[in-house]
Amino acid sequence: MQTNGDLQERFPRYSTVNCTVTAHRSYGLIVAVEGDGPGFVDLGYISQIPVTTDAWPRVGEERRGVVLGVTNDGRLRLDIRDDDLALADRAVNLAEAMSRWSEARHAEPADTGARQRFYQSADTALLLAWLVRGKGRGSPMESLWALVGDAPEDVRRSVVATLTQDAFSGDQDAVDVLTALYRACGMALSTEVLRQMLIQQPPSAERLAMLAQAVADQPVIDSLRTWAMNSPDQEIRNVGERMPQRSSGEGGQ
């Protein structure tokens, strides 16, 4: 029989596993992990948005999950939310980044060492992008934006690139935070990254229109309009022509 220590070694925290849904319960899903290990998914970790039981994965359905830990009775706690899986898949060492984030989050304001250790993690930018996209994940957004704004330039640049790319891909949560993100990271740096990405990974006309409606800063609108009006795609040029013309005193405050 496997001990909890054996399970923790086999399934480290924030690793990903395959599982099969075996039952529905009032608190969530019962799953079999890697074929036979017992596990469960609390209802809050089934989907990013609240869903009814009708929308839960069916019994017999195979899913992937992120390991959150092992209970005292030897069951694995899993998270099957898509954005959390994407974070785990993209991270280099998510356990380390999460540990340093927890330390920085709970440190006294004068404890700059905890913040600097967090900034040094390989996954700092990825984790910050995940946090702000998820509206703080339980952390106050004001302090989180301060953490983003105080980050080294390479971290801020990477956060901007990550969330801008996600916005170009149609991630509405990423779109919703772009204005605050660009302001926190610095408008000059943010518009520089945006211009580079418009060339390297151009959005569709539909997504360009979505971005133009969401952002509130004139330098961003100017960058989007300039790129759109020089596009060979008539639909994109049409979007550029419809972009709001703000006066010089609006949008950048």
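Because the structure is predicted, anything quoted here is derived from the model rather than measured. Values reported hereafter were calculated over all heavy atoms of this structure, with side chains retained and with hydrogens, waters and symmetry mates removed.
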Worksheet entry | Over all atoms of both residues, closest heavy-atom pair of Val67 and Pro12 | CB-O, 3.6 Å
Worksheet item: Who pairs with Asp84 by side-chain hydrogen bond (donor to acceptor under 3.5 Å, both in side chains), at least two apart in sequence or on another chain?
Response: Arg81, Trp130, Arg137
Item to complete: Please identify each residue that fulfils side-chain hydrogen bond (donor to acceptor under 3.5 Å, both in side chains) with Gln172, with sequence neighbours left out.
Response: Asp176
Discussion item. Suppose we screen for side-chain hydrogen bond (donor to acceptor under 3.5 Å, both in side chains). Which residues come up paired with Arg237, at least two apart in sequence or across chains?
Written reply: Gln234
Discussion item. Among residues at least two apart in sequence or on other chains, which ones pass side chain to side chain contact (heavy atoms under 4.5 Å, CB included) with Ala95?
Written reply: Tyr14, Asn93
Discussion item. Applying salt bridge (Lys or Arg N to Asp or Glu O under 4.0 Å), can you list everything that pairs with Asp111, at least two apart in sequence or on another chain?
Written reply: none
Worksheet item: Residues in salt bridge (Lys or Arg N to Asp or Glu O under 4.0 Å) with Arg117, at least two apart?
Response: Glu103
Worksheet item: Which residues pass the side chain to side chain contact (heavy atoms under 4.5 Å, CB included) test with Glu108, sequence neighbours left out?
Response: none
Return a table of donor-acceptor pairs under 3.5 angstrom between the side chains of residues 155-163 and protein atoms on other chains or two or more places apart.
{"from": "Arg156", "atom 1": "NE", "to": "Ala151", "atom 2": "O", "distance (Å)": "3.0"}
{"from": "Arg156", "atom 1": "NH1", "to": "Cys185", "atom 2": "O", "distance (Å)": "2.6"}
{"from": "Arg157", "atom 1": "NH1", "to": "Glu192", "atom 2": "OE2", "distance (Å)": "3.2"}
{"from": "Arg157", "atom 1": "NH2", "to": "Glu153", "atom 2": "OE2", "distance (Å)": "2.8"}
{"from": "Thr162", "atom 1": "OG1", "to": "Ser158", "atom 2": "O", "distance (Å)": "2.9"}

Discussion item. Holding to salt bridge (Lys or Arg N to Asp or Glu O under 4.0 Å), I want the full list of residues that pass it with Glu61, two or more places apart in sequence or in another chain.
Written reply: Arg63
Worksheet item: Sequence neighbours excluded, which residues qualify as side-chain hydrogen bond (donor to acceptor under 3.5 Å, both in side chains) partners of Asp171?
Response: Arg133
In a table with atom names and distances, give each donor-acceptor pair under 3.5 Å that connects a side chain of residues 21-28 to protein atoms at least two apart or in another chain.
{"from": "Thr22", "atom 1": "OG1", "to": "Ile30", "atom 2": "O", "distance (Å)": "3.1"}
{"from": "His24", "atom 1": "NE2", "to": "Pro57", "atom 2": "O", "distance (Å)": "2.7"}

Worksheet item: Considering residues at least two apart in sequence or located in another chain, which fulfil the salt bridge (Lys or Arg N to Asp or Glu O under 4.0 Å) criterion with Asp150?
Response: Arg115
Item to complete: Check whether the side chains of Asp123 and Ser121 place a donor and an acceptor atom closer than 3.5 Å, and report yes or no.
Response: no
